[in-house]
Amino acid sequence: MQIVRTIAQTREAVAHARARAESVGLVPTMGALHEGHRSLVRTARQRCGYVAVSIFVNPTQFGPEEDLEAYPRTFEADRSACQADGADLIFAPAVKEMYPGPGLTTVHVADLTAGLCGASRPVHFDGVTTVVAKLFNIVGPDVAFFGEKDYQQLAVIRRMVLDLDMPVEVIGCPTIREPDGLALSSRNEYLDVDQRRQAPVLHAAMQRAAQAALAGRRNVAELIAGIEGDIRESGPAEIDYVKIVDAETLDELPEIDRPARICLAVKMGKCRLIDNLAVDAPQSDR
Ligand code: PAF
């Protein structure tokens, strides 16, 4: 496995893989790799001849009040994980390599970025789409792998690829959870002991709502009230949003009459947790 820091070295390494007629997979990450990221690398390993992992804590997707400085940086552990999971290349650029000067170009996906996390993180998705577009241009992957945990991010990236005719297949991979249901996240380490005990309520509450929908309760306001009630009962938590949206357009729905997604963001202490779950109408309605 090669570790490179520059765009030029990355292009050269990928060009060698291409010369060997290998398909190229990219797993974009911000490091602090957990089982969720590792499942992406392993899926990439199964599907592609050459697997590149980027590790870059992208400053442009953090708001001024957010945790850019505190974001965990664990390069040695990340390196071992990538090696064990069979990556061929880690691209770990410095900020200056990715942003040598103030960039004048931003990739902005409208509408899909307005709601959910976009409502409280106004610069976030422009930062994500711009850096992912740059990574696609640097690595030139055939396939790129993203977790469903960041459901809105996945939808936004899919749309960017579609609208800009980027020659990349985007694969969404299932969320990996702790045994108690908490979705793995690099930010879980901000949780204290009580918050960690409380956090699985998010998944449990969404599951209850998804089961209720399957049993025929299709009114979204009622389902959301149930989820919010479960969260409030569990202890101190600041609900940013709980929404049920069309699984593709992310439009809010009045009732579950198509494939939908429950999406939520909840702050426990200084940790903002996001999660989502598929929700469907009963089989008989479809
Ligand atoms: O999901 C992430 O870790 C980041 O948003 C990404 C896609 C690597 C872009 O910086």
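Counting starts at 1 for both ligands and their atoms, in listed order.
- Remark: Phe62 engages Tyr71 in a ring pair (Phe, Tyr, Trp, His ring centres under 6.0 Å) (not counting sequence neighbours).
- In this model, no donor atom of one side chain and acceptor atom of the other lie less than 3.5 Å apart for Ser23 and Tyr50.
- Contact annotation: the side chain of Met160 approaches that of Met166 to within less than 4.5 Å [non-hydrogen atoms, C-beta and beyond].
- Contacts of Thr29 with ligand 1, taken as heavy-atom pairs under 4.0 Å, involve the backbone alone.
- Of the protein's non-hydrogen atoms, Gln153 OE1, 2.7 Å is the one closest to atom 5 (O) of ligand 1.
- Within ligand 1, the atoms closer than 4.0 Å to a non-hydrogen atom of Val131 are 9 (C), 10 (O), numbered from 1 in the order shown.
- With sequence neighbours excluded, the residues forming a side-chain contact (heavy atoms from CB on, under 4.5 Å) with Arg42 are Glu35, Arg38, Asp85, listed by chain and number.
- For atom 9 (C) of ligand 1, the nearest non-hydrogen atom from the set Gln61, His124, Met30 comes from Gln61.
- Counting only N and O atoms by type, the side chains of Ser120 and Asp240 include a donor and acceptor under 3.5 Å apart.
- Residue Asn58 has no N or O atom closer than 3.5 Å to an N or O atom of ligand 1.
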